[in-house]
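Letters A, B, ... are given to chains in the order of the sequence lines, protein chains preceding strands, and every chain is numbered from 1.
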Number of protein chains: 2
Amino acid sequence: MLRVLLKHLCACFGSLTLLTFLTTSVTAAEATVEQWGVFEVSLTGPTNGNPFLDVQVSARFSDPNTNIDVAGFYDGDGTYRVRFMPDKQGRWSYNTRSNRAELDGKTGAFMVTAPAAGNHGPVLVTNTYHFAYADGTPLRPIGTTSYNWWHMSDDLEEQTLATLAASPFNKIRSCVFPKHVGTNANELALYPFEGTPPKSWDFSRFDPKFFQHLEKRVGDLRDRGIEADVILFDPYDKGRWGFDRMPAEVDDRYVRCIVSRLAAYRNVWWSLANEYDFNKNKTDVDWDRLFQVVQASDPYGHLRSIHNGFYIYNHTKPWVTHASIQNGSAVENAGRAELYRDVYRKPIVYDEVKYEGNIARRWGQLSAEEMVFRFWNGIVAGTYVTHGEVLTSAQQITWTGEGGRLYGQSPPRLAFLAKVLSESPFLEPVDKWQDTNMAGQLGDYYLLYFGKQTPTSWTFELYKDHIKDGMRFKVDVINTWNMTITPVEGEFVTKKKDNYHFVDEKGRVVPLPGKPYIAARIRRVPDSTTMPPPPDSSPPD
Amino acid sequence: MLRVLLKHLCACFGSLTLLTFLTTSVTAAEATVEQWGVFEVSLTGPTNGNPFLDVQVSARFSDPNTNIDVAGFYDGDGTYRVRFMPDKQGRWSYNTRSNRAELDGKTGAFMVTAPAAGNHGPVLVTNTYHFAYADGTPLRPIGTTSYNWWHMSDDLEEQTLATLAASPFNKIRSCVFPKHVGTNANELALYPFEGTPPKSWDFSRFDPKFFQHLEKRVGDLRDRGIEADVILFDPYDKGRWGFDRMPAEVDDRYVRCIVSRLAAYRNVWWSLANEYDFNKNKTDVDWDRLFQVVQASDPYGHLRSIHNGFYIYNHTKPWVTHASIQNGSAVENAGRAELYRDVYRKPIVYDEVKYEGNIARRWGQLSAEEMVFRFWNGIVAGTYVTHGEVLTSAQQITWTGEGGRLYGQSPPRLAFLAKVLSESPFLEPVDKWQDTNMAGQLGDYYLLYFGKQTPTSWTFELYKDHIKDGMRFKVDVINTWNMTITPVEGEFVTKKKDNYHFVDEKGRVVPLPGKPYIAARIRRVPDSTTMPPPPDSSPPD
């Protein structure tokens, strides 16, 4: 018997998931799903043999202008599913294909409605260096890291979700495979394969319950407006379970399995690995292949990246959508942070810059001030930064290890940064390789960050591109630590100073408090004059 | 009639070029050429039609184990040449091939002798990030830039050569095409094509005299131990002659012509372009193609790079041997300079870091101190830096424009740096992304640069890798500006301090003069103890 399981998953934060069961054999009320929601075809099929290996099922989803082929998967107990994320509104139909007659040629139709509030679609690269949702809404990643949170107890996982909902974070990095650490010395409730821990696995049979749990958590994140940067491989197994050293064909099957399950969740990003180069069982050739398996399996082109330990992957390769970089030193000043932009011509996300913490290892000793400082350096370099916290709690767990609560002082300041960004255009270096602590949009908006300097004033001065005499600007002084924005009285009016810069016509300076972690925001006051056209190019002279 | 023109070009500095004419029709005394010298087959052939287009000639050079096919070229006046740089000693023979009978099937033999003193062969990449001559001798590039010097008067060119011979520079960047600047407002003596300046060129006919002159100057550099970084294209024509906007097939023919003429000169490096992205008549697709034309034409695999203006070329592409980068800000601190190493996993040469100078443009205003500072930052990042000078002389010419004399204060300090490097191993970052101002070879040699800091002491401290308790080190304090090396009395003996570092067992510190531009050199005192084995990997923990 054929059933269609329609998960009309409302994007409203905290809403309940509605499950509607319909039969397609009747022409009754057609199923509906919101744009970028999950439409699921559920079929009953064979249970004999090894359904994971023996049975192929997929569906072609069609609207009047598009055909999209989507692979399905076996979900246990004779149930096969094909999940689909429609990217356009209107009437769609589907037609299944399978090497088993009972799963082949099943058809149906459904209506795709307007997205609910808060559903902006999947995130894509825009303007070379930035991100936006499919509906055009910018996403400025303020990411965090909790590698193992969805392998914990339900109580702890729910606490993590509650913490996230109250946090500034709109992206989280988490590993599919469990991480072998002290806090999971006992075996876990769920594993990705059938078998007996720690090492007796049947790599030809997935355990659907493991993936169902993961899906639930990815959906929980989506419903809270948080992107799930799903880390497919990591080096933290250390041979305990062997998930870091499976044969290539198992790796590939695992990747296709998880992509067929999760790709219809609009908030998914694929991170091929954490610290990929610390896995000594794989080479660059393996990573290249796995990237291509993901790319070929994912009908929606979700973001794809890979995170390094000591050796940076070649992010110029075409299957990499953005550079995910571990290098704390790169955000010690904006001039460093900017360099990777030039190299990759893709968005740069510093996905590990060391963690706010108090542990003995030097990667877990950042003060909150230093963490916030690194975020701001990244931002005025036209890049993005990701948070992590290893402040140990009474329970001996850490946010970045296991989730739970945040104890650090950086998150409120990152929320403040997010607010500043929400009022800004995409930020680009203004005068690349020269004034490396200023970013903005030429002629309109500038964000200048003084970092650890403690100036008492700043002479108003803008780089020449898109500036002419007589343009008016308002300036705000931002205390990035105290989270205050103080407007400077009056306006600044541009006047050419030399070959490179314009200053205020009266030589006005901006008074500053002589403290560290101060920024200045300079915004154009609109007037009726015409803007000069953009120059052909900006040679570094 | 067939003649063999053997140019036995002795590498002894300042020696005269010996030209020996031999006929191969006799079995008399066989021609000889030193290893990595230039052996030239000279043939007389057709002058009718367009020899540049109509006649193909090449030769296969063979020793008992190798066949090397080398393209020849038409040198005017009915003379065709095939130039060969033998890379092994012993007896070689050749056999010519041509679409014209009178140039086809000509054979001969010659003996390749040991290289003369000072001839170490062509330069190749070694140890991923460094350079060495073919005989294994390291080359630490201390490069300079004089774009137009070999398009000047003979007197000025000879002065430039004399200046170079007395300088620390072992590499020079120069453009094949003349640069359109104020100093050559009149037309030049030589152009690469037949025709009438400024724009009436027959792009199907080269002017051999132009290339003969270039060859003479490349040979002059070789005889002074200087690598010629030959810049094949540049954006400085600005439409005056049109060499920056020739059709693709002319570009390709020009590249094959110059490679066939110059590849046998062991000191040649190919720089595809200066500020490649400022040439708006070519795209990345063109540059990729031109790289591949060079690669396919050059039997010896000379070094290949391309230099940027505002947009950095993708140096991960396989035909790029090393990254040639214009970015002055990258060498403002070693932590920045290092980043490109990780990205490219190739040697990094900062071929333009702004110039020592006194002109109005901000790329020509470095003090000598700043130029030397940038070299040292590059060096302790495990990279290399190139000099330039735009201090205008009474003649209104500059070193980096036209050559002549050097007036700046940086060259003697760069000679001092070269001396320090000549006593050092290849330098690698010691504790990447952590202590970014120290490079060396773990356990053996460390070079620590304090830059603009003015410390009065340094607590002896080494990163843990390859260190154990009880190892003994000598320290020298180097004043990089005053060019002094002062040994510190006594020895430092290592003792573990914590998870990351070793210090002196008695807590000794190194006294420093409290001045800027100081370095410390730490060298192991050999003893009879066994070194610990290298670790499997160096995770950044």
Side-chain angles (χ1 to χ4, degrees), chain A residues 128 235 275 277-280 284 308-318 323 325-345 348 352-354 359-364 381 429 431-437 498-501 536-541, chain B residues 128 235 275 277-280 284 308-318 323 325-346 348 352-354 359-364 429 431-437 498-501 536-541:
Chain A
T128 307
E275 297 187 323
D277 51 311
F278 289 174
N279 184 330
K280 301 303 179 194
D284 271 13
N308 63 285
F310 203 66
Y311 294 105
I312 294 181
Y313 183 84
N314 183 355
H315 298 301
T316 69
K317 291 185 177 176
I325 292 176
Q326 171 175 194
N327 181 352
S329 81
V331 284
E332 288 179 11
N333 63 66
R336 278 189 208 167
E338 192 278 333
L339 294 196
Y340 291 115
R341 269 176 58 111
D342 298 316
V343 163
Y344 295 124
R345 302 189 194 175
I348 307 300
E352 197 172 336
V353 297
K354 301 186 175 178
I359 65 171
R361 310 299 291 181
R362 63 186 182 181
W363 47 259
D431 188 12
K432 188 176 82 164
W433 303 343
Q434 306 287 343
D435 294 325
T436 55
N437 60 336
D498 57 24
N499 276 339
Y500 297 105
H501 291 105
D536 265 3
S537 68
S538 298
D541 58 357
Chain B
T128 306
E275 296 186 324
D277 51 310
F278 289 175
N279 184 329
K280 300 303 178 194
D284 271 13
N308 64 284
F310 203 67
Y311 295 106
I312 294 181
Y313 182 84
N314 182 355
H315 298 302
T316 69
K317 290 185 177 176
I325 293 176
Q326 170 174 195
N327 182 353
S329 81
V331 283
E332 287 179 11
N333 64 66
R336 278 189 208 167
E338 193 278 334
L339 295 195
Y340 290 115
R341 269 175 58 111
D342 298 317
V343 163
Y344 295 124
R345 302 189 195 174
K346 294 177 182 178
I348 307 299
E352 197 171 335
V353 298
K354 302 186 175 178
I359 66 170
R361 310 300 288 183
R362 62 186 182 182
W363 47 260
D431 189 12
K432 188 176 81 164
W433 302 345
Q434 305 286 343
D435 294 324
T436 54
N437 59 337
D498 57 24
N499 276 338
Y500 297 106
H501 291 106
D536 265 3
S537 69
S538 297
D541 58 356

Given heavy-atom pairs under 4.5 angstrom as the criterion, report whether the side chain, backbone, both or neither of B:N308 touches chain A.
side chain
Under 4.5 Å to a heavy atom of chain A? For B:D277 that would be neither
If you define the side chain from C-beta out and look only at heavy atoms, does anything of B:K317 sit under 4.5 Å from A:T316?
no
Can you see whether B:R345 engages A:N314 through a side-chain donor-acceptor pair at a distance of less than 3.5 angstrom?
no
Any idea which heavy atoms bring A:F310 and B:W433 closest together, and the distance?
O-CH2, 3.8 Å
Please state whether the side chain, the backbone, both or neither of B:D342 comes within less than 4.5 Å of a heavy atom of chain A.
both
Between CD on residue B:Q434 and CH2 on residue A:W363, distance to nearest 0.5 Å:
12.5 Å
B:K354, part contacting chain A, at a heavy-atom distance under 4.5 Å
side chain
Could you tell me whether a side-chain N or O of B:R361 sits under 3.5 Å from a main-chain N or O of A:N499, the two making a donor and an acceptor?
no
Contact between B:R336 and A:T436 at the side-chain level, heavy atoms closer than 4.5 Å - yes or no?
yes
Indicate yes or no: does B:R362 engage A:D431 in a salt bridge with an N to O separation below 4.0 Å.
yes
Which one of B:I312, B:N327, B:I325 has the most heavy-atom pairs closer than 4.5 Å to chain A?
B:N327
What are the two closest heavy atoms between B:Y500 and A:A360, and how far apart are they?
CE1-O, 4.4 Å
One option among A:Y313, A:Y311, A:Y340 has the most heavy-atom pairs under 4.5 Å with chain B, and it is A:Y340
Do A:L339 and B:V343 have side chains that get closer than 4.5 Å, going by heavy atoms?
no
